[in-house]
Amino acid sequence: MNEEKDMADARTILADYRASIDNIDAALIHMLAERFRCTKAVGVLKATHGLPPADPAREQQQIARLRQLAKDAHLDPDFAEKFLNFVVREVIRHHEQIAATNGVTKTN
Ligand SMILES: C=C(O[C@@H]1C=C(C(=O)O)C=C[C@H]1O)C(=O)O
């Protein structure tokens, strides 16, 4: 029956989209893991040189850059900014932890 075939076709298409979604999610996890590996090293560098965990000027530059990249890619720039802020908050939390355990205190 046609309805059954339509439904079977829809399920095939859905499974195909989901296979791509699974690959994309795996790539996102690997990219995030690599980014956090890098930012943790930045946290150690900052802590051992008495640099502050957060750098608001750098964050503003990144927000502007990512908003433009999002616009060019037809992704909502507000979403891109929220996502970056979410990630950066976690990075700063790591940096504060690293500074608390390995940090030097700057006297000047
Ligand atoms: C990684 C850094 O530390 C913090 C985290 C940032 C990030 O995750 O992109 C950017 C600026 C800093 O607030 C850095 O200073 O580069």
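Numbers for residues simply follow the sequence, beginning at 1. Note that ligands are numbered from 1 as they come in the structure, with each ligand's atoms numbered from 1 the same way.
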**Q** Check Glu96 with Arg93, please: is the shortest side-chain N to carboxylate O separation under 4.0 Å?
**A** no
**Q** Hey, are His94 and Glu90 close enough side-chain-wise for a donor-acceptor pair under 3.5 Å?
**A** yes
**Q** Is any side-chain heavy atom of Asp78 closer than 4.5 Å to one of Arg67?
**A** yes
**Q** Below 4.5 Å, heavy atoms only, C-beta onward: do Asp72 and Gln68 meet side chain to side chain?
**A** yes
**Q** Among protein heavy atoms, which sits nearest to atom 12 (C) of ligand 1, and what does the distance come to when rounded to 0.1 Å?
**A** Asp55 N, 3.4 Å
**Q** To which of Arg35, Glu90, Lys40 does the heavy atom nearest atom 9 (O) of ligand 1 belong?
**A** Arg35
**Q** Under 4.0 angstrom from ligand 1, any heavy atom of Pro53?
**A** yes
**Q** In terms of atom number and element, which parts of ligand 1 are under 4.0 angstrom from non-hydrogen atoms of Gln62?
**A** 7 (C), 9 (O), 10 (C)
**Q** Among protein heavy atoms, which lies nearest atom 13 (O) of ligand 1, and at what distance?
**A** Glu59 OE2, 2.4 Å
**Q** I'd like to know if Lys5 pairs up with Asp9 as an ion pair, taking the criterion as any Lys NZ or Arg NE/NH1/NH2 lying under 4.0 Å from an Asp or Glu carboxylate oxygen.
**A** yes
**Q** Asn85 versus Ile63: any side-chain heavy-atom pair under 4.5 Å?
**A** yes
**Q** Which of the listed options, Gln61, Lys46, Gln60, Arg58, holds the heavy atom that is closest to atom 4 (C) of ligand 1?
**A** Lys46
**Q** Checking a contact table here: which protein heavy atom is nearest atom 5 (C) of ligand 1, and how many Å away?
**A** Val91 CG1, 3.5 Å
